[in-house]
> 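Quick one: the structure is below, questions incoming.
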Amino acid sequence: MASRPDMASFVAAEAVPATSAEQGIARGTVWFLALSVGVIIVNLTAPQTLVGPIASDLGMLPAQAGLVGTASLLGYAAGLFFLVPLSDLVENRRLTVALLGAAVLAAFAAAATRSAVPFLVLLFVLGAACSAIQVLVPMAAAMARASERGRVVGDVMSGLMVGILLSRPLASLVADLLGWRAFYLLSGASMAALILLMRLRLPMRRPEARTRYPALIASLVILLRREPMLRRRALTAAFGMAAFSVFWTAVALRLSAAPFGFDQRHIALFALAGASGAVVAPFAGRAGDRGWSRPLLVAAHCVTILAFGLAWLADRTSGSMTPALALLVLSAIVVDVGVVGDQTLGRRAVNLLAPEARGRVNALFVGIFFLGGAAGSGVAGYAWAQGGWPLVCAAGAGFGALSLLSDLLGGSSQV
């Protein structure tokens, strides 16, 4: 197995030239990067609320509907594993612009396609191109002074969180007013505008790698084999993200059915209310710094399971629709609390590993848990078609239980 000095040779391009880091990063650039990642991430999470109209328009069977949410997440994971490492070989601004250019073309083409298979392929390409996010975040960290690096990364990631929070209600509102195709047209236009702004605002970052692309990709395998903490936290995060995707992919289908009969505008309001659970992220991070990671991780997994119990109860509530809807909103908040708490604590843990390969560690962690998300979206569609909402709840709770089990089997040393 490779030693740490060997690994360092694979990742020699993590830093920008010293003069750039000493000067720090302008606050305007920080907020521009936060805006950029927020705009880009919308393409990954928004399709979960558009499953119904897209599947109906493209003639997809109920069991295939979950693929709408799966395709872009699989593409994003592929981009993390095979495109983001190029940031250590290719000038970063040029790489980001090229990826966003591909995303713009994929979004416009997705808006125009009339059949299911080409549409899913385009979503995969769009997701892969959106991995530009994980080029921009390390770029911000590299440009920041050491004393402000944590704050800068936190500010940029806040843009990511806002994008995730707003993506589902935004997509639902656009689909309600203009149709689902308009969402992809607007998304493509917004990313095209970002390209123009990036050429003006982003500095050039030239990596100093002395290795080739195959060796760079091979270093991912070496890291994963070498770091048991990375494997453990990525696995529990993947199961948690699968549970998250099960809920948010299927809940739009449930809300559009009786007794709710919601249209896209009502689903947008539901998504906005439910997404409030994501505010737990900064509190979980601070609690982790105080040494509370182990009990909070176990609690996060248990909370995820509880969320699907509440969602199941919502389906068993008879009489007025109000109690059922209240339980569904509560379950949405609770599932977000559990999954976001797990991911926040997991990201904190893996970022303490291998400083010489922090970008690669981040790509592995994020890529693996997005694979879990893609699996969850696929399972959601199948469960909805085969057993309706009760089977969806069982599948989500099962993923939460797998997350808890894998964490408990890992032992306290894996925190």
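Here, residue 1 is the first one in the sequence, and each next residue gets the next number.
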> Give me the atom names and distance for the closest heavy-atom approach of Leu328 to Phe270.
O-CZ, 3.6 Å
> Report, as yes or no, whether the 6.0 Å neighbourhood of atom CZ on Phe260 holds more than 12 heavy atoms from other residues, nucleotides or ligands.
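Yes, CZ of Phe260 has more than 12 neighbouring heavy atoms, counting only those of other groups under 6.0 Å.
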> Is it the case that over 12 heavy atoms from other parts of the model lie below 6.0 angstrom from the CZ atom of Phe82?
no
> Can you run down the ring-ring contact (aromatic ring centres under 6.0 Å, His included) pairs that involve residues 161-183, sequence neighbours left out, and say none if there aren't any?
Phe119-Trp180
> For a side-chain contact (heavy atoms from CB on, under 4.5 Å) with Ile133, tell me which candidate from Val366, Thr96, Val37 qualifies.
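It is Val37, the one option of Val366, Thr96, Val37 that forms the side-chain contact (heavy atoms from CB on, under 4.5 Å) with Ile133.
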> Please find the pair of heavy atoms, one from Phe370 and one from Met241, that lie closest to each other, and give the distance.
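Taking Phe370 first and Met241 second, the nearest heavy atoms are CE2-CE, 4.0 Å.
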> Could you tell me which non-hydrogen atom of Ile267 sits nearest to which non-hydrogen atom of Ser172, and how far apart they are?
CG2-OG, 3.9 Å
> Check side-chain hydrogen bond (donor to acceptor under 3.5 Å, both in side chains) between Ser187 and all other residues, then give those that pass, not counting sequence neighbours.
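If we apply the side-chain hydrogen bond (donor to acceptor under 3.5 Å, both in side chains) test to Ser187, skipping adjacent residues, the hits are Asn43.
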> Nearest heavy-atom pair of Met204 and Glu91: which atoms, and what distance?
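Distance-wise, the nearest heavy atoms are CA-OE2, 3.2 Å.
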> Of the non-hydrogen atoms in Ala397 and Ile305, which two are nearest, and what is the gap between them?
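Nearest pair, atom of Ala397 first, then Ile305: O-CG1, 4.0 Å.
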> Kindly indicate, with the supporting measurements, whether the criterion side-chain contact (heavy atoms from CB on, under 4.5 Å) is fulfilled by Met191 and Ile195.
CA-CA 6 Å; Met191 290 187 292; Ile195 291 175; 5.8 Å; no
> Assess the side chains of Thr249 and Ser377: does a donor N or O sit below 3.5 Å from an acceptor N or O?
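Yes, because at least one side-chain N or O of Thr249 sits under 3.5 Å from a partner of the opposite role on Ser377.
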> Give a yes or no on whether the backbone of Ala300 and the side-chain of Thr304 come within a donor-acceptor separation of less than 3.5 Å.
yes
> Run Asp342 and Phe239 through side-chain contact (heavy atoms from CB on, under 4.5 Å) and show every step you take.
CA-CA 10 Å; Asp342 173 66; Phe239 285 134; over 6 Å; no
> Looking at Asp336, Thr49, Thr45, which one forms a side chain to side chain donor-acceptor pair (under 3.5 Å) with Trp248?
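Testing each of Asp336, Thr49, Thr45 against Trp248, the sole residue satisfying side chain to side chain donor-acceptor pair (under 3.5 Å) is Asp336.
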> Mark yes or no for whether Ser56, through its side chain, and Gly52, through its backbone, hold a donor-acceptor pair below 3.5 Å.
no
> Walk me through it: do Arg181 and Asp57 pass the test side-chain contact (heavy atoms from CB on, under 4.5 Å)?
CA-CA 10 Å; Arg181 296 179 187 277; Asp57 192 19; 3.1 Å; yes
> In sequence, state the C-alpha distance, the side-chain angles, and the governing distance for Phe108 and Val104, and then conclude on side-chain contact (heavy atoms from CB on, under 4.5 Å).
CA-CA 6 Å; Phe108 286 156; Val104 170; 3.5 Å; yes
> Locate the shortest heavy-atom distance separating Leu202 from Leu33; write the atom from each residue and the value.
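Leu202 and Leu33 have their closest heavy atoms at CD2-CD2, 3.6 Å.
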